[in-house]
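Scroll down for the structure; my scribbles are underneath it.
Naming convention: chains lettered A, B, ... in sequence-line order (proteins, then strands); numbering from 1 in each chain. Bear in mind that the values here come from a model prediction, so they are computed numbers and not experimental data.
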Amino acid sequence: MSRPMLEVVDLSKTFPIRNAFGRRSGDVKAVDRVSFRVERGQVYGLAGESGSGKSTIARMIMGLTEPTGGNILLDGHNIAGSSRSREHRGKVQMVFQNPGSSLNPRRTAGQSIAVPLVAHGHSRADRARRIAELLEMVQLPADFAQRFPHELSGGQKQRVAIARALAMSPQLVVLDEPTSALDVSVQARIIDLLVDLGRELGLTFLFISHDLSLMRNFAQVVGVLYLGRIVESGPTASVFGNPQHDYTRLLLASVPVISAEEEAMRPVVPLINGEIPTAEQLIGLGRTRDAADTSIKGA
Amino acid sequence: MSEALLSVRDVSVEFTNYGIAAPVLRGVSLDVPAHTQVALVGESGSGKTVTMKAIMGLLRDPPARITAGQILYDGRDLLTMPPAERLKLRGTSMSMVFQDPMSSLNPVFTIADQLGTILKYADRRLGRGRSRRERMERVHEVLAQVRMRDPERVAASYPIMLSGGMRQRVLIAMALLSEPKLLIADEPGTALDVTTQAQILKLLKDLVTERGLALLMITHNLGVVRETSSYVYVMSRGQVVEHRPTADLFAAPREEYTRALIAAVPRLTGGMRLGTAEARP
């Protein structure tokens with residue numbers, strides 16, 4: 001077996017909690033000994049709600065945040081020390097959540113895409129050729145290079161952001177909620193594009209999302225994060241088809257669905273006082289399934 | 001003609017910018033019968049929010065102008081009634097649950113202050129008198145109705161002390177203060193985590209059925225449509241393109257647009273055909 005594209009071992013990040021005088025009064029474990037591996041060419045999904053640590057993990061892989069413990073092996077190389085190296089940045093790139101704020105409003109699409117090319121010392125002629133190539137890859141007309149973000153729709157902006165991420169021919173692309181700001185029909189087209197590009201360019205994706213339905217369709221392997229820990233992981237079909245952890249069950253039970261088949265797939269979560277329990281309540285409740293007859297859909 | 005509580009008939013709205021008028025709603029009609037849950041679904045720019053604002057009288061003129069149509073509430077046209085009359089209905093008999101629990105609450109006042117003030121003005125418009133103590137009792141009562149475990153403590157809190165889900169509950173409580181007959185909910189829970197959203201939707205559904213309210217749910221999420229409504233209007237480009245009982249819509253969408261929209265929704269069961277960028281409309 002070839003070595004994985006990305007291997008994360010016991011990764012931890014704690015942030016200090018400071019009181020009003022700046023004195024450290026404790027720590028919060030944002031990421032707590034997380035381990036997973038992403039094989040080459042795979043789409044690995046990290047699912048979690050706000051505060052689960054999924055964005056902190058992305059930032060550490062990008063070298064934007066220093067881990068407090070553990071290792072990140074990118075293509076076999078430990079990036080803990082050399083996270084900001086040129087080589088690392090060429091290998092892993094990121095597409096952010098909101099294309100409205102991740103593109104500079106005063107740069108044209110072409111200029112935005114050129115930023116990494118300039119940083120890596122490409123000549124002017126070289127850059128123009130590469131920009132045209134990248135726009136074609138994301139299925140935008142070549143003259144879009146002259147347009148400013150405000151002249152583009154949300155989906156078009158996200159395509160520009162994808163083109164920018166691909167400028168340095170990375171091997172791993174971190175997608176942080178790439179479609180959560182988009183309409184559902186636009187989302188489908190962006191995901192189509194990512195699947196096509198992944199196939200053509202042999203990309204590996206780390207896909208971070210809270211949208212489980214999308215994850216089921218896009219990611220082959222999934223890790224479910226809760227309070228900085230991976231509580232459950234495995235092939236997406238089996239984790240979603242037969243969730244073992246209470247939190248995964250609650251997440252799946254909460255997804256609004258549009259068909260009876262999907263509804264049948266959602267686990268039954270016991271109600272507490274007629275209400276859907278919070279994650280803390282449910283996990284505190286343990287695996288007592290006596291009251292489990294009332295489904296989350298309830299009355 | 002059906003006896004709908006709210007009936008929007010052939011409403012057209014245009015926005016004028018730099019002297020150019022752009023039609024935003026083109027003959028929108030929809031009915032919300034009493035005690036019924038109706039959804040209005042559409043993508044961004046479809047006109048669902050403008051429809052809601054036209055109903056609530058929140059469109060600013062200029063730039064917006066209602067050029068045609070009637071909005072009947074309880075048989076009376078909101079667009080032609082005297083403003084004072086309309087004010088009596090708005091926020092009392094028909095009220096709104098807003099989307100964003102972060103920006104819909106004032107950060108410098110306690111929940112009790114904010115709900116109390118709303119109640120005071122609603123009472124004044126209706127010519128009802130209530131003492132401060134009676135108002136606080138009512139505030140605690142509605143907070144309990146939205147299943148707050150400790151209404152007194154929540155009432156004394158500032159918004160920042162509450163979680164996103166709690167704040168959304170406060171917004172629902174706010175809408176219930178003066179016992180409305182019609183609730184208009186604009187994407188409730190969209191800003192929240194999926195588990196919290198599920199709690200909010202269930203609460204809203206329970207309240208609406210318990211108290212026999214009519215609900216107009218405005219959303220972009222077809223899953224939310226299916227879980228909260230019995231009848232649905234689909235909007236696109238300022239028009240209603242299809243309207244049917246919710247179950248029928250999902251079983252057999254008639255219009256091309258609705259079909260494409262439903263096909264674009266990822267399913268929990270998987271099986272979505274991806275990597276077909278060229279094939280997609």
Taking the side chain as C-beta and beyond, is there a heavy-atom pair between B:L261 and A:V184 under 4.5 Å?
-> yes
B:V194 and A:L251, any side-chain heavy atoms less than 4.5 Å apart |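 In short, these two side chains touch, coming nearer than 4.5 Å.
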Given salt bridge (Lys or Arg N to Asp or Glu O under 4.0 Å), test B:R267 with A:E261 step by step and report yes or no.
-> CA-CA 9 Å; B:R267 308 294 177 99; A:E261 300 86 74; 5.1 Å; no
Contacts of type side-chain hydrogen bond (donor to acceptor under 3.5 Å, both in side chains), residue B:R169, not counting sequence neighbours | A:E275
State the CG-OG1 distance between B:D193 and A:T278, to the nearest 0.5 angstrom.
->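 So the CG of B:D193 and the OG1 of A:T278 are separated by 12.0 Å.
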Taken to the nearest 0.5 Å, the spacing of B:T246 OG1 from A:I258 CD1 works out to 12.5 Å
Check against side-chain contact (heavy atoms from CB on, under 4.5 Å), A:L212 and B:L268 | CA-CA 7 Å; A:L212 297 184; B:L268 208 48; 4.3 Å; yes
Is chain B contacted by the side chain of A:L252, its backbone, both, or neither, given a heavy-atom distance below 4.5 Å?
-> both
Contacting region of B:I262 [heavy-atom separation from chain A under 4.5 Å] = both
Under 4.5 Å, heavy atom to heavy atom: which of residues 41-49 of chain B reach chain A? Give them by number, or say none.
-> B:E43, B:S44
Counting a contact as any heavy-atom pair under 4.5 Å apart, which residues of residues 148-165 of chain B contact chain A?
->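 Result: B:R149.
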Minimum heavy-atom distance between A:P256 and B:Q197, given as atom pair plus value = CG-OE1, 4.0 Å
Hey, could you give me each pair passing side chain to side chain donor-acceptor pair (under 3.5 Å) that has a residue in residues 219-241 of chain A? Not counting sequence neighbours.
->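 The answer is A:D32-A:R229, A:E232-A:T248.
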Inspect the surroundings of CZ in B:R254 and state if more than 12 heavy atoms from other residues, nucleotides or ligands are less than 6.0 Å away.
->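 Count not over threshold, so no.
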